[in-house]
> 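My questions all concern the structure below.
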2 protein chains.
Amino acid sequence: MKSIPLERHLCFKLYALSRQITQAYRPLLDSLDLTYPQYLVLVVLWEEKTINVKDLGARLLLDSGTLTPLLKRLEQKGLLSRQRDPRDERSVTIGLTRAGSAMKEKVAEMPEVLKNCLALDMDQYHSLMNSLGGLLDNAIRSNTAETN
Amino acid sequence: MKSIPLERHLCFKLYALSRQITQAYRPLLDSLDLTYPQYLVLVVLWEEKTINVKDLGARLLLDSGTLTPLLKRLEQKGLLSRQRDPRDERSVTIGLTRAGSAMKEKVAEMPEVLKNCLALDMDQYHSLMNSLGGLLDNAIRSNTAETN
DNA sequence: TGGATTTCAATTGTACACAATTTAATTTTA
DNA sequence: TAAAATTAAATTGTGTACAATTGAAATCCA
């Protein structure tokens with residue numbers, strides 16, 4: 001049986017590219033003592049101001065096993081607060097501290113870093129964004145469909 | 001300052017899509033007692049028959065810190081062999097066992113799994129493959145460029 | 001040629017990912 | 001309404017990723 005070379009694997013291109021982008025962000029994020037997933041949590045919080053772990057997980061497609069320790073680290077750094085919802089003690093509400101809000105200004109050059117890394121023009125950017133958006137929706141639907 | 005919503009982040013789409021594809025592969029890979037990175041190592045070996053850790057790392061963009069324990073696990077499962085190169089004792093040569101070669105037949109439906117997950121037609125597939133290939137090259141070049 | 005440098009894999013330590021389980025709280029329903 | 005079922009986070013355990021260091025071997029070069 002003939003095997004398909006690594007370079008023809010779409011999954012590998014996505015996997016490798018995603019990691020390379022994280023590498024490109026690393027110098028800036030390191031200087032802010034942030035990891036890439038921690039940055040993504042802040043992106044959501046700059047949008048939402050407040051969100052519980054379940055909804056944050058739904059946005060980032062991450063579960064509490066990943067988020068709980070990550071959120072504790074961000075809390076340790078003084079960037080966010082975690083508190084049980086008094087209306088539903090099962091739920092934990094995440095909110096930004098002043099330092100967490102202020103971090104938004106410090107990551108202003110993130111888009112520029114990505115642009116330099118990928119060397120994409122606006123047309124390619126939007127086209128790729130649309131393709132990936134559709135594929136992500138398909139993949140989520142496909143993975144969510146119960147095999148009953 | 002206005003913040004960019006998570007959904008407009010190209011990096012997040014790539015990061016999330018890559019993980020969703022791993023999820024789609026999981027049932028099949030689980031049934032074979034393989035992880036996705038372990039599968040990728042086998043993909044390279046089905047191509048090369050034999051390769052050292054350094055070259056394998058260059059192909060997969062992974063370092064020995066990731067590969068050494070991963071390769072030991074594949075060796076434990078009896079899928080590959082690891083041995084010091086007698087010509088250069090610093091180098092470790094990886095080779096497939098019969099079971100490792102035989103695994104190729106068992107992952108035959110991987111492309112079909114991906115196709116069902118993403119619902120891509122051939123044109124979209126090739127177009128995306130080309131875009132991602134170019135971007136990956138750019139990203140690697142950008143990340144490799146020393147900041148001297 | 002022999003000490004300095006470089007190279008390769010392994011090791012150490014931190015931080016994700018994610019399946020599976022646990023614990024506590026809420027909701028359903030008999 | 002009280003037991004059963006469900007839900008939300010946290011916990012546990014395995015396996016990546018990756019920076020930094022280590023140790024051994026090969027290469028450089030004065």
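These values consider heavy atoms only, across backbone and side chains, with no hydrogens, waters or symmetry-generated copies. Letters A, B, ... are given to chains in the order of the sequence lines, protein chains preceding strands, and every chain is numbered from 1.
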> So which one's nearest nucleotide on DNA chain C is more toward 5', B:T68 or A:T35?
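Nearest-nucleotide comparison on DNA chain C picks B:T68.
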> Rounded to the Å, how far apart are A:D85 CG and D:dA8 P?
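In whole Å, D:dA8 P and A:D85 CG are 12 Å from each other.
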> By nearest atom, which of the nucleotides D:dT16, C:dT26, C:dA10 is closest to the B:S64 side chain?
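Closest of the options to the side chain of B:S64: C:dA10.
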> Does OP1 or OP2 of D:dA26 have a side-chain N or O of B:R87 closer than 4.0 Å?
no
> Applying a 4.0 Å non-hydrogen cut-off, can you work out what B:L70 is touching in the nucleic acid: base, sugar-phosphate, or nothing?
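Answer is sugar-phosphate: B:L70 comes under 4.0 Å of backbone atoms only.
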> Regarding B:S91, tell me which of base, sugar-phosphate or nothing describes its non-hydrogen contacts under 4.0 Å with the strands shown.
sugar-phosphate
> Just to be sure I understand the rule, does A:R26 reach a base, reach only the sugar-phosphate, or reach nothing, if contact means heavy atoms closer than 4.0 Å?
sugar-phosphate
> In this structure, which one of A:D85, A:V53, A:D55 forms a side-chain contact (heavy atoms from CB on, under 4.5 Å) with A:S91?
A:D85
> Quick one: B:Y36 OH to D:dG15 P, roughly how many Å, whole number?
18 Å
> Using atom CG of A:L34 as one end and atom C1' of C:dT14 as the other, report the distance to the nearest whole Å.
15 Å
> Quick one: label B:L61 by what it contacts on the DNA or RNA (base, sugar-phosphate, nothing), any heavy atom closer than 4.0 Å.
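B:L61: backbone/sugar contact only, no base atoms under 4.0 Å.
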> Can you tell me how far P of D:dT11 sits from CZ of A:R90, to the nearest Å?
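Distance check: A:R90 CZ to D:dT11 P gives 18 Å.
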> Just checking B:D63: base, sugar-phosphate only, or nothing, at a heavy-atom cut-off of under 4.0 Å?
base
> Want to settle it: does A:Q20 or A:T93 sit nearer the 5' end of DNA chain D, counting the closest nucleotide to each?
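Here A:T93 is the residue nearer the 5' end.
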> From the options B:Q23, B:Q20, B:R19, select the one residue that forms a side-chain hydrogen bond (donor to acceptor under 3.5 Å, both in side chains) with A:N143.
B:Q20
> Can a side chain N or O of A:K54 be found less than 4.0 Å away from OP1 or OP2 on D:dA10?
no
> Return no unless some side-chain N or O of B:Q23 is found under 4.0 Å from OP1 or OP2 of C:dA19.
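The answer is yes; a side-chain N or O of B:Q23 sits under 4.0 Å from OP1 or OP2.
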> For A:L74 and A:R82, what are the C-alpha separation, side-chain angles and deciding distance, and is it a side-chain contact (heavy atoms from CB on, under 4.5 Å)?
CA-CA 10 Å; A:L74 287 173; A:R82 296 161 63 244; over 6 Å; no
> Donor-acceptor pair, distance only, cut-off 3.5 Å: does the side chain of A:S18 make one with the backbone of A:Y15?
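No; judged by distance alone, with no hydrogens or angles, the pair does not exist.
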> At under 4.0 Å, does any side-chain N or O of B:K72 touch on OP1 or OP2 of D:dT14?
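The answer is no; no side-chain N or O of B:K72 sits under 4.0 Å from OP1 or OP2.
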> So does A:R73 get a side-chain nitrogen or oxygen closer than 4.0 Å to the phosphate oxygens (OP1/OP2) of C:dT14?
no
> Take atom CD of A:Q83 and atom C1' of C:dA25, then tell me their distance rounded to the nearest Å.
18 Å
> Hey, does the side chain of B:Y15 come within less than 4.0 Å of C:dA17's phosphate (OP1/OP2), counting only N and O?
yes
> Expressed as a whole number of angstroms, how long is the span from A:D30:CG to D:dA19:C1'?
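So the CG-C1' distance, A:D30 to D:dA19, works out to 9 Å.
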> Using whole Å, what does the distance between atom P of nucleotide D:dT16 and atom CZ of A:R19 come to?
12 Å
> Using modelled atom types only, decide if a donor and an acceptor are shared between the side chain of A:T68 and the backbone of A:S64 within a distance under 3.5 Å.
yes
> Is there a path of hydrophobic side-chain contacts, each under 4.5 Å between heavy atoms of I, L, V, M, F, W or Y residues, that connects B:I4 with A:L60?
no
> What is the distance from CG of B:L62 to P of C:dA10, rounded to the nearest Å?
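The answer, rounded to whole Å, is 14 Å.
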> Give a yes/no answer on whether the side chain of A:R84 brings an N or O atom under 4.0 Å of OP1 or OP2 in D:dA9.
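Answer is no, no contact under 4.0 Å.
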> Quick one: on DNA chain D, does A:T22 or A:N52 contact a more 5' nucleotide (nearest heavy atom)?
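Its nearest nucleotide being more 5', the pick is A:N52.
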